[in-house]
Amino acid sequence: MAKNSQYICNACGAVHSKWSGRCDACGAWNTITEEAAATGPKRTSIGSAKGRSIPLTDLSAEDAPLIRTGSGLEELDRVLGGGLVPASAILVGGDPGIGKSTLLLQAAAAFARKGAKALYVTGEEAAAQVRMRGQRLGLTDAPLQLAAETNLRNILTTLENERPAIAVIDSIQTMWSDHVESAPGSVSQVRACAHELTSFAKRKGVSVVLVGHVTKEGQIAGPRVVEHMVDTVLYFEGERGHHFRILRAVKNRFGPADEIGVFEMTGTGLQEVTNPSALFLSERDQPAPGSVVFAGIEGTRPLLMEIQALVAPSPLASPRRTVVGWDSARLSMILAVLEARAGLSFGAQDVYLNIAGGLRIGEPAADLAVAAALVSSRQDHPIAPDTVVFGEISLSGALRPITQADARIREAAKLGFSAAFGPQGMKTLGDTPLKLHTYIDLNDFIHSTFGAIET
Ligand code: TYD
Ligand code: MG
């Protein structure tokens, strides 16, 4: 037995020859567990005539009829790149309790209503519980097939017999294959089951959606170990205290990555949010120092978000820097540039930065909006509430042009904003009433917006 076991990191899936407290591959602590090595037929290196190749040009359109199926849930279809591609494998990851089962039950029902044969396999709940949830979500009229099963062999048999167009496996961590000795949820099991299901999807033309829990403790193999096997990786995220949920494509072989879909969790399930900018800004009231609206782009869609900063004198020797929804290293950089290029010191102040609504921004284009929020709070000088701000700040303090400026400006104009602050090189759009203010560098921006500042 000992001979046949291997040591696998639950976080990244790296295989080690012996146990250690820290995984050399990903640096995670306490994630390595002993697992039995997979037993299966031995692979030979040279196969039969099946292993042939064909020229790409010989593939006719009928060989690969990639007609996407829409679910009718627009937010979901967009994230998928315009609908579900037949025979594709999709992974939906997210924290436990965030709403993955709810989303996929609603999605499966939506596909079923559109005429696609859909099967929802649950390994976590009893069929009766899923039915109850379906009732609450108002899905009882949808022609959806349901199975409560965790044995992979039984699931594959069901798929073979039923031949659905789409099958949801909730969750991959509860499935087990009898070819693998280790417990369900271990890296070997998760990998083996995901591999079987994705290759079944390709062979038989069934679209398979795998649900995977993200775990911080590393007790259960996270979705990362199967990311490379699937065509599309979606993450369902959101803050606990907020109702908003964001479905984000991080990998998509059939569409743009970085695309997001916005949902709201309500008492009767997830509702689509078709105009997220209006929603994320709806909590704004009076002009307040430290509050700035950033005109961002999420995927292919412009999205206006509120950036909030609070700068307050600190009693601590090393003042606090707390960031929610943005990169903390990026905040340190902006603070350093403000100090070095504009002479504004934050050394004796606590700095808190928050993106309202539980959103997370990854774009460098938010730099100028963050700097504006910081200076606005530090000087107790509000920025006009009908203004949007965007631009990337370089270490020299110069403002760099950003992509898709016109889409950002159009969105702001649509929502009634009357001015935009940004880097030089943007063209005024003839068809929007919005007034553009452009600046060469950070100093220029600060002087024009806040006047002369005593440092
Ligand atoms: P669930 O889909 O079970 O999460 P996951 O599969 O990601 O673990 O969602 C659970 C949460 O969603 C739970 O805290 C309750 C909430 N919820 C609602 O607010 N409204 C609803 O209609 C449903 C079904 C769930
Ligand atoms: Mg669930």
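Values in this document were obtained by computation on a predicted structure and should not be read as measured data. FYI, the numbering just counts along the sequence from 1. Just follow the structure's listing: the first ligand is 1, and inside any ligand the first atom is 1.
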Distance-only donor-acceptor hits, side chain of residues 11-18, under 3.5 Å, sequence neighbours excluded:
none

Donor-acceptor pair, distance only, cut-off 3.5 Å: does the side chain of [X] make one with the backbone of [Y]?
{"X": "Lys117", "Y": "Gln145", "result": "no"}
{"X": "Arg136", "Y": "Gly269", "result": "no"}
{"X": "Ser207", "Y": "Ala87", "result": "yes"}

- [ ] Decide whether Asn252 and Thr232 meet the rule of one side-chain donor and one side-chain acceptor closer than 3.5 Å.
- [x]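 There is such a pair (donor and acceptor under 3.5 Å, judged by atom type) between the side chains of Asn252 and Thr232.
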Open item on the list: Do Glu149 and Thr158 pair up side chain to side chain, a donor and an acceptor below 3.5 Å, judged on atom types alone?
Closed with: no
Task: Heavy atoms from other residues, nucleotides or ligands near CD of Glu74 exceed 12 (cutoff 6.0 Å) - done: no
TODO: Check the surroundings of atom CZ in Arg400: do more than 12 heavy atoms from other residues, nucleotides or ligands lie under 6.0 Å from it?
DONE: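 No, because the 6.0 Å sphere around CZ of Arg400 holds 12 heavy atoms or fewer from other groups.
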Task: Near the Mg ion (ligand 2) (cut-off under 2.8 Å), count of protein N, O or S atoms - done: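 With waters ignored, the protein N/O/S count below 2.8 Å is 1.
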Open item on the list: Please output the residues near ligand 1 using a strict heavy-atom distance under 4.0 Å, listed in chain and residue-number order.
Closed with: Asp95, Pro96, Gly97, Ile98, Gly99, Lys100, Ser101, Thr102, Arg133, Arg136, Leu137, Met265, Thr266, Gly267, Thr268, Gly269
Tell me which donor-acceptor pairs under 3.5 Å the side chains of residues 352-376 have, and how far apart each pair is, sequence neighbours excluded?
{"from": "Asn354", "atom 1": "ND2", "to": "Gln308", "atom 2": "OE1", "distance (Å)": "2.9"}
{"from": "Glu363", "atom 1": "OE1", "to": "Ile297", "atom 2": "N", "distance (Å)": "3.0"}
{"from": "Glu363", "atom 1": "OE1", "to": "Arg408", "atom 2": "NH1", "distance (Å)": "3.4"}
{"from": "Glu363", "atom 1": "OE2", "to": "Arg408", "atom 2": "NH1", "distance (Å)": "3.2"}
{"from": "Glu363", "atom 1": "OE2", "to": "Arg408", "atom 2": "NH2", "distance (Å)": "2.7"}
{"from": "Asp367", "atom 1": "OD1", "to": "Arg330", "atom 2": "NE", "distance (Å)": "3.1"}
{"from": "Asp367", "atom 1": "OD2", "to": "Arg330", "atom 2": "NH2", "distance (Å)": "2.7"}
{"from": "Asp367", "atom 1": "OD2", "to": "Ile393", "atom 2": "N", "distance (Å)": "3.1"}
{"from": "Ser376", "atom 1": "OG", "to": "Gly290", "atom 2": "N", "distance (Å)": "2.7"}
{"from": "Ser376", "atom 1": "OG", "to": "His381", "atom 2": "O", "distance (Å)": "2.8"}

